[in-house]
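Worksheet: one structure, shown below.
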Amino acid sequence: MTTGRDRATQQLRRADARLNRERLVTAAHEVFTEAGPEASLNEIARRAGVGPGTLYRHFPNRQTLLTAVLGDRIQALCEQAEKLRTSDSADDALRHWLGAFLAHARAHHGMGSALMVNDPGVPGPDCHQLILNAAAGLLTRAQHQGAARADLTADDLVRLITGIALSTPHHEDTEPADRLLALVLDAVYAPPRRGG
């Protein structure tokens, strides 16, 4: 029979576990931002003030930790896409969201691309699918309004933006990335080329 003291102890353990998880996610965000997705997991545990065993109890592998760190940010991007789908201009909505996605991808030093894996046994594809769904909703709307090329897919757009993020320097000067995004947007809104 569970006593009041047992229940209080269990609640305290759950509260400690939640606090440790929050500390780990906060530390992981800092360390991944500084060193990229291959950063030391031991350094993350050290900054969180816990041992490596505690880290692995909460996050059994790097993918689950990356997912936790980026999950809320990806969710915010998806919520932004949903709001933009109700704006008057479908092409402006798509342009605005692709710019936000590029800023996100650059700020996280390619961490998002580390989640874009094809192995269904890890949690990464769920995050990737959320981004694809957000892009698809905005792209489809722009295509239906005749603003975007009919032959584009959401996967095309996500790959292009991820490519820009990975190929441009990760410092405050956004000019190279902005220039490449403008070129991509020109292609998005240009009619398909015909052979001849």
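Contact of the Q80 side chain with the L84 side chain is registered, since non-hydrogen atoms from C-beta on lie closer than 4.5 Å. Side-chain contact between K83 and W97: absent, with no pair of heavy atoms (C-beta onward) separated by less than 4.5 Å. Between L65 and N61 there is no side-chain heavy-atom pair separated by less than 4.5 Å. Using a 4.5 Å cut-off on side-chain heavy atoms (C-beta onward), L66 and F59 make no contact. Residues H128 and V158 meet the side-chain proximity criterion, which asks for heavy atoms closer than 4.5 Å. Between L180 and S167, some side-chain heavy-atom pair lies under the 4.5 Å cut-off. A heavy-atom distance below 4.5 Å is found between the side chains of I74 and H104. Between L19 and R14, the closest side-chain pair of non-hydrogen atoms is not below 4.5 Å.
Of all the heavy atoms in L55 and L41, the pair that sits closest is CD1-O, 3.4 Å. R141 and A93 get closest at one heavy-atom pair: NH1-CB, 4.2 Å. Here the closest non-hydrogen pair linking L139 and A154 is CD2-N, 3.6 Å. In terms of heavy atoms, V69 sits closest to V25 at CG2-O, 3.9 Å. The shortest non-hydrogen separation linking Y189 to A147 is CD2-O, 2.6 Å. Between A150 and Q143, the closest heavy-atom pair is O-NE2, 3.6 Å.
Distance check: R21 CZ to T54 OG1 gives 13.5 Å after rounding to the nearest 0.5 Å. Rounding to the nearest 0.5 Å gives a distance of 11.0 Å between CG of L183 and CG of D178. Rounded to the nearest 0.5 Å, atoms CD (Q145) and CG (D88) are 9.0 Å apart. To the nearest 0.5 Å, atoms CG (L138) and CG (L157) are separated by 9.5 Å. Once rounded to the nearest 0.5 Å, the distance linking CG of D155 with CZ of R159 reads 4.5 Å. F32 contributes atom CZ, which lies 11.5 Å from atom CD of E43 (distance to the nearest 0.5 angstrom).
Environment of CZ in R47: crowded, with over 12 heavy atoms of neighbouring residues, nucleotides or ligands closer than 6.0 Å.
Under 4.0 Å is where a charged nitrogen must lie from a carboxylate oxygen, and between R179 and E175 no such pair does.
Checked by atom type, the side-chain pair S89/D91 shows a donor-acceptor distance below 3.5 Å.
Checked by atom type and distance alone, the side chain of R23 never pairs as donor or acceptor with a backbone atom of V50 at under 3.5 Å.
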Show your reasoning for whether side chain to side chain contact (heavy atoms under 4.5 Å, CB included) applies to N20 and H58.
CA-CA 9 Å; N20 283 340; H58 288 280; 3.9 Å; yes
Verdict with supporting geometry, T162 and F101, side chain to side chain contact (heavy atoms under 4.5 Å, CB included):
CA-CA 9 Å; T162 301; F101 177 44; 4.0 Å; yes
